[in-house]
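What follows is a set of notes on a single structure, which appears directly below.
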Amino acid sequence: MRMGVLTSGGDCPGLNAVIRSVTHRAVADHGDEVIGFRDGWRGLLECDYRKLDLDAVGGILAQGGTILGSSRVRPADLRDGVERAREHVAELGLDAIIPIGGEGTLKAARLLSDAGLPIVGVPKTIDNDISGTDHTFGFDTAVGVATEALDRLKTTAESHQRVLVVEVMGRHTGWIALHSGMAAGAHAIVVPERPFDVDTLAKIVDERFAAGKKFAIVVAAEGAKPQQGSMSFETGGTDVYGHERFAGIARQLTAELERRLDKEARPVILGHVQRGGTPTAYDRVLATRFGWHAVEAAHRGDFGMMTALHGTDITLVPLAEAVETLKTVPGERYAEVDSVL
Ligand code: F6P
């Protein structure tokens with residue numbers, strides 16, 4: 001077989017582990033040829049690729065980022081590019097394409113799959129918001145980074161008797177906020193799924209200081225929003241990819257808490273540090289297993305599918321099912337964590 005692999009959308013720790021695993025399984029075990037498209041879908045649309053062999057993937061298992069590069073593509077450009085993608089797949093003699101990506105990438109994968117291209121998707125995202133899989137790789141690493149940061153922030157917050165509002169990633173879902181907040185024992189967690197009441201939040205912080213505690217840590221997912229009318233709140237419009245731009249929940253919440261409580265507060269934005277650097281062992285294993293199973297799916301002709309984790313097993317789910325809705329934090333998970341608003 002001849003396979004093409006690509007990484008698209010926001011990068012995440014573990015992408016290289018998938019690329020390596022696909023190459024090892026395909027080249028070494030099946031005698032396949034593998035090429036890697038540069039910068040995601042752009043590489044496929046512009047026929048920009050490199051050969052991947054065992055040497056090319058040597059030493060990349062623990063490397064963050066992606067040796068193939070990544071980019072976002074506007075949905076309209078991809079729709080216009082379906083014919084070009086089909087031509088390039090035919091020209092290159094590809095029997096399978098393995099796109100590794102999050103929500104946007106998998107939607108694009110579905111579009112190309114519906115147009116008849118042989119696709120097996122691999123889900124990735126630090127946000128953990130892809131349906132049909134228990135976890136995506138990158139999430140464990142991001143939660144680890146955020147938790148370590150929260151642990152560190154506690155000591156400086158306490159020294160200065162401050163409220164720290166720590167913004168973590170999570171555009172539509174609060175998985176990173178929930179898990180890192182839970183792991184670090186945050187005092188309040190706000191997530192996109194549940195618009196929060198700022199009065200309740202201010203009361204929690206106030207009562208904590210009144211009880212003699214010297215600091216408070218609030219974890220805010222970047223997409224969290226206050227309930228309507230509960231505080232003034234700036235939004236940032238949308239970018240060219242149709243994604244909401246954020247105007248800074250940590251900054252706005254910090255100002256609001258300082259205004260309401262007589263306490264010093266600071267915003268801390270963790271940002272892309274959550275996405276960079278080496279993946280955890282868990283993410284390396286999950287990414288490696290996804291890569292292995294994607295190659296096997298391609299050999300069986302199981303196209304239009306995505307690798308998924310169910311319990312401890314790797315399975316395949318239809319791309320159509322995976323991209324239908326985002327996997328938000330289920331309501332019952334909030335009951336397990338006192339600090340979620
Ligand atoms: O989807 C992954 C993610 O890291 C989100 O958590 C975040 O909102 C977004 O990507 C940031 O994207 P960019 O790197 O394009 O600013």
Side-chain angles (χ1 to χ4, degrees), residues 6-16 18 39-42 64-66 68-75 77-78 99-109 121-133 135-147 149-150 166-181 189-193 219-225 234-252 267-280 283 286-287 306 322-323 325-329:
L6 60 89
T7 52
S8 175
D11 73 345
C12 114
L15 288 170
N16 283 327
V18 184
D39 306 336
W41 295 116
R42 185 197 68 74
T66 159
L68 294 176
S70 190
S71 64
R72 296 194 193 277
V73 65
R74 287 185 297 190
D77 292 345
L78 198 79
I100 311 164
E103 180 207 355
T105 304
L106 295 171
K107 279 190 174 148
V122 172
K124 69 88 209 164
T125 167
I126 65 164
D127 293 354
N128 196 39
D129 59 1
I130 304 296
S131 289
T133 181
H135 285 138
T136 47
F137 62 86
F139 174 61
D140 186 65
T141 307
V143 169
V145 170
T147 303
L150 290 168
V166 186
E167 185 172 311
V168 298
M169 281 188 169
R171 187 176 278 286
H172 307 289
T173 63
W175 289 107
I176 298 176
L178 179 78
H179 279 228
S180 61
I189 302 172
V190 295
V191 296
E193 291 92 331
V219 178
E222 62 187 342
K225 292 183 180 57
E234 267 174 61
T235 52
T238 49
D239 67 15
V240 290
Y241 308 105
H243 291 153
E244 182 181 357
R245 274 187 209 281
F246 296 113
I249 180 70
R251 179 184 57 80
Q252 298 188 65
V268 180
I269 299 164
L270 296 187
H272 290 80
V273 70
Q274 295 160 93
R275 250 169 52 183
T278 189
T280 58
D283 282 338
L286 183 57
M306 174 190 95
V323 301
T325 50
L326 278 180
K327 185 180 70 187
T328 50
V329 177

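We count ligands from 1, going down the list as the structure has it; atoms in each ligand are counted the same way. Please read these numbers as outputs of a predicted model, since none were measured by experiment.
Residue contact check for ligand 1: R72 places a non-hydrogen atom closer than 4.0 Å to it.
When atom types are taken as modelled, the side chain of E234 and the backbone of A247 share no donor-acceptor pair closer than 3.5 angstrom. Put simply, the side chain of T136 never gets that close to the backbone of P123: no donor and acceptor are under 3.5 Å apart.
Applying the 4.0 Å criterion to heavy atoms of G170 picks out, from ligand 1, the atoms 6 (O). Counting atoms of ligand 1 from 1 in the listed order, those under 4.0 Å from a heavy atom of E222 are 5 (C), 6 (O), 7 (C), 8 (O).
Residue contacts with ligand 1 for H243 are absent, since no atom lies close enough (heavy atoms, distance under 4.0 Å).
K327 has its side chain out of reach of T173: every pair of non-hydrogen atoms, C-beta onward, lies at least 4.5 Å apart. The side-chain heavy atoms of L15 and K124, taken from C-beta on, include a pair separated by under 4.5 Å. In this structure the side chain of L270 reaches within 4.5 angstrom of the side chain of V166, judged on heavy atoms.
Taking CD1 from I100 and CG from D11, the interatomic distance works out to 12.0 Å, rounded to the nearest 0.5 Å.
Distance from atom 10 (O) of ligand 1 to its nearest protein heavy atom, with residue and atom name: R275 NH1, 3.0 Å. Closest to atom 6 (O) of ligand 1, if we only count protein heavy atoms, is D127 OD1, 2.7 Å.
For atom 14 (O) of ligand 1, the choice among E103, H272, Q274 with the nearest heavy atom turns out to be H272.
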